[in-house]
Structure formats: C-alpha cells, structure tokens
Amino acid sequence: MKNLQITIWNITFDNPIFNASWPACTSLEELETLWESSSSAIMMKSCSLESRDGNPEPRYRDVPLWSINSMWLPNLWYKKYIEFSHILKQKYNKPIIASVVWFTPEDFRIITKAFQETSSVDMIEVNLSCPNVVWKPQIAYDFETADKIISMVESLWDKPLWIKLPPYFDPSHTDSMSEVIKKHPQVKFITCINSVWNTLIIDPEKEEPLIKPKWWFWWLWWDYIKPVALANVRAFYKNLWDKVTIIWVGGISTWIDVFEFLLAWASLVQIWTVFVKEWIDSFSRIKKEFIDYTEQKQKKSYDEIIWKLKEL
Ligand code: RRO
C-alpha cells in the first residue's frame, strides 16, 4: 500500500499517524515542526482557560517499556492556540486539531465557543480524561457529568465532535460510556486511550520515585499499556462500530502496533512516547515500515485491514 491517505468525515489525513496532544505540541515552533514532519495532522497541546506552568520537574521520564508523566497541563492558554490556528492554517495544508480541557464546566463553554467563533481549527478534541478537580473523578469516569458536558459542547460546536477517553477496566464501564456516546450523534471521533493513571515507578538505586507527582498524577504510557488500549478499542468497536471513528493512542512503537490497531478497528493512530524518544523521525520511520509491511503482505487498501481481526 503506497497511498496511505484516509478521509474520515470529510477530513483528509495523508496517512493514519499523527501526534498525540503533548509531547512537543505546545509552542508555535513545535507545531510548525510537526508540519514539516510526516505527521498527518497537527494536534495542539490540551489548553485551558488560563496559561499553566504545570507541575515541577522532574515530571517526565521514560525507561524501557514505560514512560511516566505528571505534566499537569502546561499550556499557553486557549487564546494562544486560537491565534496559532490562524497562522498554521494560512501556511500549511494539514488538519489542525485543538485539544480542550477544563477546571469548571464553564471553562468548556467559554473555550468551545471561542474556538467555534474565532479559530481556524478543523476539529476540537474534548479531553474528558484529564484530572481536573483534585480528588474528583475525571469526567469520563462520571457518566452523568460526561453526558452533560458533551451536550453543552455539542450546542456550541457545529462540526463533528471528538472526545478523548481514559482506559476502562470493566466492560460495564465501556458499555455505560457507549450509551452516553449513542445519545450524541455529533460525536464522531473518540481517542482511546489516554494514559493509565494512578501509577508509580520507583528507582531502586536511588530509592525514590522516578518523577515528582503532585497529588496522584502519575500517568503511564507506552508498551505496557498497549493491551489495555487494544482491548478498549475492541470494546468500543463492538458497541459503536456504525457510529464513530476510533483514534488509537497508547503503546505504539512500530508498524506492527499500527497494523494490530487497524485490525482491531482504529482508523487513525496518535503517537506519544515514541515521539518524545525519536522526535519527528518517529513519524517517517513508522510510516515507511507500514508501507513496506503492507506491500509485503500485498494489502492494497485499508478495506483489507481495518476491522479485519479474525474471531477465534
Ligand atoms: O498534561 C498532562 O499532564 C497530561 C494530559 Br492533559 C493528558 O491528557 N495525558 C497525560 O498523560 N498527561
């Protein structure tokens, strides 16, 4: 397969691989670098009503198989990303996606309205899987609140809606979230999964944690979360196959990961830790590997891969 272009809900991606919100999508310079890379879209850092420095350092580390962060939403504030969206749109021809977070429901209202009325973004990803109010569950673990927030955002946003979900560890929870999504026809994309949080990695030499968390914000990524991500993609496929497009993030290092996730039903993938480690070369490497593999397997189109996981 030489042509990896994929069009979903009228948005064309040159290939299925692009960056997850953070790492390295906070400043204009970083966003412009993403344009120069093989990333098929420019995803911006999750933004909030006010600028944030995030947690103190050290707040990110990677070791073989794991990466852990407690960034806690460093970003320049939503108006900067609206400004960036105009600059990027004028110069570049790639889908531009904003990511939005909240501390109160009112934040979502103000930010969504501003993106709708004054930005040049193609989509907004509503991050329902980020810790917001300390000691309260993230929104996507509170189905009633998730329902209300999605309704509010829907009333302010006139394009397909995109929500970012956390991992679920019980089938009843994927079922409950699927029921919420079914109530909202405008939800067309889900990112699945955000990091596995409430985790801890210890440095045995130093006898201390690897990073400095604030409250309980230890967020785990990479190889070890892949099976969780894969199972979540599959669970949502079973419930929502005719309704939404899944964007998978979590545990991607090679073309094998991309191939497996397309089989399980994802249509697009976002990369995170591998992007931190290899920088923009990660996009071109994985893309090339994917082309080589599909050629070798004589796959001619996505129709021969996506959804094609066989049943045992
Ligand atoms: O900024 C962060 O700490 C962060 C966010 Br908003 C997110 O969605 N996922 C993550 O691992 N870290």
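In this text the structure is predicted, and so the values were computed from the model without any measurement. Start at 1 and go down the list; that is how both ligands and their atoms are numbered.
For the pair Trp197 and ligand 1, no heavy-atom separation below 4.0 Å is found. Not a single heavy atom of Arg59 sits less than 4.0 Å from an atom of ligand 1. In this structure, Asn194 counts as a contact residue of ligand 1, since one of its heavy atoms falls inside 4.0 Å of the ligand.
Every atom of ligand 1 is numbered from 1 in the order shown, and the set under 4.0 Å from a heavy atom of Asn127 is 6 (Br), 8 (O). Against a heavy-atom cut-off of under 4.0 Å, Lys45 is close to the following atoms of ligand 1: 1 (O), 2 (C), 6 (Br). Atoms of ligand 1 lying under 4.0 Å from any heavy atom of Ser195, numbered from 1 in the order shown and given with element: 9 (N), 10 (C), 11 (O). Close contacts between ligand 1 and Leu73 involve ligand atoms 1 (O), 2 (C), 3 (O), 6 (Br) [criterion: under 4.0 Å to a heavy atom].
Between Glu144 and Lys183, none of the side-chain N atoms (NZ, or NE/NH1/NH2) sits under 4.0 Å from a carboxylate O, so this pair counts as no salt bridge.
Residue Asn69 places at least one N or O, backbone or side chain, under 3.5 Å from an N or O of ligand 1. Not a single N or O atom of Trp219, backbone or side chain, sits closer than 3.5 Å to an N or O atom of ligand 1. Geometrically, ligand 1 and Trp72 share a nitrogen or oxygen pair separated by less than 3.5 Å.
For the pair Arg59 and Trp72, the NZ or CZ position fails the cation-pi test of under 6.0 Å to the six-membered ring centre and within 45 degrees of the ring normal.
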>> Determine whether Tyr302 and Leu4 satisfy the following criterion, side-chain contact (heavy atoms from CB on, under 4.5 Å), listing intermediate values before the conclusion.
In response: CA-CA 8 Å; Tyr302 288 114; Leu4 297 188; 3.5 Å; yes
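Taking the six-membered ring where the residue is Trp, Trp272 and Tyr60 present tilted rings, their angle falling between 30° and 60°.
Here the two rings, on Phe283 and Phe18, have centers that are 6.0 Å apart or farther. Tyr81 has its ring centre no less than 6.0 Å from the ring centre of Tyr78.
Without hydrogens or angle criteria, Lys243 side chain to Val187 main chain gives a donor-acceptor distance under 3.5 Å.
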